[in-house]
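Heads up: the structure comes next, in C-alpha cells.
Note: hydrogens, waters and symmetry copies are ignored here, and every other heavy atom, side chains too, is used.
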Amino acid sequence: MKQLPKLSFWQIWNLSFGFLGIQMGFALQSANVSRILSNLGADLHSLPLFWIAAPLMGLIVQPIVGSASDRTWNRFGRRGPYILGGAIVAAISMFLMPNASLVVAVMPVLLFGLLMFALMDGSFNITMQPFRALVADMTSPEQRNLGYSIQSFLINTGAVIGSILPFILTNALNIANTSEPGTVPPSVIWSFYIGGSVLLLSVIWTVFKTKEYPPEEYAKYKGLDEQKEIDPKYKGISGFFRLLKITPKTMLQLAIVQFFSWFALYLMWVYTTPAVSQHVWGEAIGESASKGAQDASDWVGILFAGYSLFAALFSIVMSKLATKLGRKTVYSFALLIGGIAYLSTLLFQGGEIIHLNLLFTEVDVPTSAVSWLIPMVGVGIAWAAILAMPYAILSDSIPADKMGVFMGIFNFTIAGPQILSGLVAGPIIKNVFNGEAIYMLVVAGVCMILGSISVAFVKTQKEQS
C-alpha cells in the first residue's frame, strides 16, 4: 500500500474551508428557526415536532449521499459534486425561508416555512456528509486529529459569525428586529441572505482548491483493487441492510455516546430561546412576539456565538490534547464539562438591567444574561469534541472503500436521538415542567453527563486488536 502524502497546513485548511459557510448557515438555522416558526404561528409545545424535519432529512440524505460519493468520479472529484450541489440548494433555501409570509396566497405560511426548513437542512446534510469523508480520504492517520480539529475550528468560526449576525445587524446597523405578526424581522431576513451567500462562496473555494486523488491513485493509497467491482451483495436496498450487519463495533459503541450528546444538543437548539426569554427576561410563556422576547432571541445569538467561539478556541488545542492524552479521554472530559454547564444555567435568572458595551454596540440586558456566557464555555468545549472526536475515533475502523457510506450510516446516531427528542420533548415540557423551558436544559445536562460516562465503553480499533 502506497503511503499517503503529508499535506501542508493550508491544504488541510482548504479541505474544510467550505464548512465555514455551512456552519454559518447551520448556526443561523439553530439560533433563529424557533424564532421564525414562532413568528409564523407555531406554539411552544409544537416546536419540537417542527424541528424533527432537520434530523429526519439527515437520516434520509446522508447514507444515500455517502454511498453515491464512494462510487463517483468526475471533473469535480469524488466528494466535490455533492458538496457543491448541496451548497447551491442550501443557499437558495436560505434565501427563501425567512420570506415565507410572501406565499400566503399559495399555501399556509407555516407550511411553507416548514418545507423550506426541511429543504435547507436536507441540503446542509448533502453538503456536510462528504466533508467528513473528504478529510478521511485525503489525510494519513497521523494527520487525522489535525484534519478534524481544523474542521472543528472552521465549523465554530462560521457558527460564531452566523449566531451573532442578527444581533449585529440590529444593534450596529439599526436594522429592525421586530415585525408584524406572521412575518419575520428584517434583521433575520438579511442574516439569511448574507449566510447563504457566504455558504456558497466558501464551498466553491474548497471544491476548486482541493484536488482529490483520482480512483487509481486513491486505490493505491488505500490498498484497494481499483478494478474490483463493488460487491453485488452491497448494492441496492437489500445491500444497505447487509452493510448494517457488518457495522464496525466501534461505531455501535459510539452510537450510545452519540445518543446522549445529540439528544441534549437538540433540546438546547429548540429550547434555549424560550428558556432565556422566560428565565432571564421574565417573559410569560407564549409571549414570543413581544419586544422582550425578541431581545432575548437576539441575545441567544450572542450566547450561541459564545459557545462557538469557545469551541473554536478549544479546537486549537484539542488535537494536541488528543495526541497526548488519547481521544477518548478528551472526548469524555469535554462531554462532562458540557453537562455541568447545562445544569448551571438554572442558577442564572433575572437580575437588574445593566448597560453593556460590546465594542461594536451598546445594549441593556439583565445581569443574568451576561452570566449565561459562563456555561457557554462548557457547552463550547463539548461541542468542539462532538464535532471531531467521534469521527477521528471512527475513521480508523472503517474500510476505505466504504468510508462515505459508513460515515452516512453513522449519521443515524445523530438523527435518531434528535427525532426521539423531538417526539418526547413537547409532552415533557407541557406535562412535567408546565411550559418552563429552562428545565429542558437541565435534562440536556443529565444526558450529556451520561454520554461522558458512555465513552468508557468505546473500544477503538487498536484496543480491539
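Partners of F26 under the ring pair (Phe, Tyr, Trp, His ring centres under 6.0 Å) rule, at least two apart in sequence or in another chain, are W269. Among residues two or more places apart in sequence or in another chain, the ring pair (Phe, Tyr, Trp, His ring centres under 6.0 Å) test is passed with Y342 by none. The salt bridge (charged side-chain N to carboxylate O under 4.0 Å, His left out) check on R327 picks up D396, with sequence neighbours excluded.
At least one donor-acceptor pair closer than 3.5 Å links the side chain of S123 to the backbone N or O of L119. Of the possible polar contacts, one joining the S344 side chain to the A341 backbone as a donor-acceptor pair under 3.5 Å is found. The backbone N or O of S140 sits nowhere less than 3.5 Å from a side-chain atom of Q143 that would complete a donor-acceptor pair. Although no hydrogens or angles enter the test, the distance criterion places a donor-acceptor pair under 3.5 Å between the side chain of T323 and the main chain of S319.
Under the side-chain hydrogen bond (donor to acceptor under 3.5 Å, both in side chains) criterion, the residue pairs touching residues 201-212 are N14-W205, with sequence neighbours excluded. Pairs passing the side-chain hydrogen bond (donor to acceptor under 3.5 Å, both in side chains) check and including a residue from residues 372-383, sequence neighbours excluded, read N156-W383.
A distance of 7.0 Å separates CZ of F9 from CG of L146, quoted to the nearest 0.5 Å. Interatomic distance, CG of L313 versus OG of S308, reported as 11.0 Å (0.5 Å rounding). In this structure, the separation between CZ on R79 and CE on M138 is 11.0 Å, given to the nearest 0.5 Å. Taking CD of Q29 as the start and CZ of F124 as the end, the distance is 5.5 Å to the nearest 0.5 Å. Taking CZ of R144 as the reference point, atom CG of L394 lies at 10.5 Å (rounded to 0.5 Å). Rounding to the nearest 0.5 Å places CD1 of I374 at 12.0 Å from OG1 of T345.
Taking all atoms of both residues into account, the shortest heavy-atom contact from A384 to A311 is CB-O, 3.5 Å. Taking each heavy atom of A312 and F153 in turn, the nearest pair found is O-CD1, 3.3 Å. Residues I12 and I150 approach most closely at CG2-CD1, 3.6 Å, considering heavy atoms. Of all heavy-atom pairs spanning L267 and A425, the tightest one is CD2-CB, 3.9 Å. Looking at every heavy atom in both residues, A437 comes nearest to Q278 through N-OE1, 3.1 Å. When all heavy atoms of I155 and Q23 are compared, the closest pair comes out as O-CG, 2.8 Å.
The aromatic rings of W13 and W10 sit perpendicular to each other, their planes meeting at more than 60°, with 30° as the lower class boundary.
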Check your understanding: Yes or no on side chain to side chain contact (heavy atoms under 4.5 Å, CB included) for V203 and T127, after CA distance, side-chain angles and deciding distance?
Key -> CA-CA 9 Å; V203 164; T127 308; 4.1 Å; yes

Exercise for review: Report the C-alpha separation of L420 and F259 in whole Å, then their side-chain angles, then the decisive distance to 0.1 Å, and conclude whether the side chain to side chain contact (heavy atoms under 4.5 Å, CB included) test is met.
Suggested key: CA-CA 10 Å; L420 179 61; F259 173 83; 3.7 Å; yes

Practice item. Please assess M24 against I194 for the test side chain to side chain contact (heavy atoms under 4.5 Å, CB included), listing each intermediate value before the final yes or no. Key: CA-CA 10 Å; M24 186 174 170; I194 295 169; 4.0 Å; yes

Exercise for review: Step by step, work out the side chain to side chain contact (heavy atoms under 4.5 Å, CB included) result for D364 and I354.
Suggested key: CA-CA 5 Å; D364 295 319; I354 60 172; over 6 Å; no

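Contact annotation: the side chain of L303 never approaches that of V379 to less than 4.5 Å [non-hydrogen atoms, C-beta and beyond]. Between W281 and V365 there is a side-chain heavy-atom pair separated by less than 4.5 Å. Between V280 and F348 there is no side-chain heavy-atom pair separated by less than 4.5 Å. The side-chain heavy atoms of Y439 and V443, taken from C-beta on, include no pair separated by under 4.5 Å. V188 has its side chain out of reach of L169: every pair of non-hydrogen atoms, C-beta onward, lies at least 4.5 Å apart. Within the 4.5 Å cutoff, no side-chain heavy atoms of L346 are placed close to those of L441. Residues P366 and W299 have side chains not in contact (no heavy-atom distance under 4.5 Å, counting atoms from C-beta outward). Counting heavy atoms from C-beta on, the side chains of V330 and M318 come closer than 4.5 Å.
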Result block: side-chain N/O donor-acceptor pairs under 3.5 angstrom for residues 331-340, not counting sequence neighbours:
from, atom 1, to, atom 2, distance (Å)
S332, OG, S452, O, 2.9
S332, OG, S452, OG, 3.1

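Heavy-atom contacts from other residues, nucleotides or ligands closer than 6.0 Å to CZ of F95 number more than 12.
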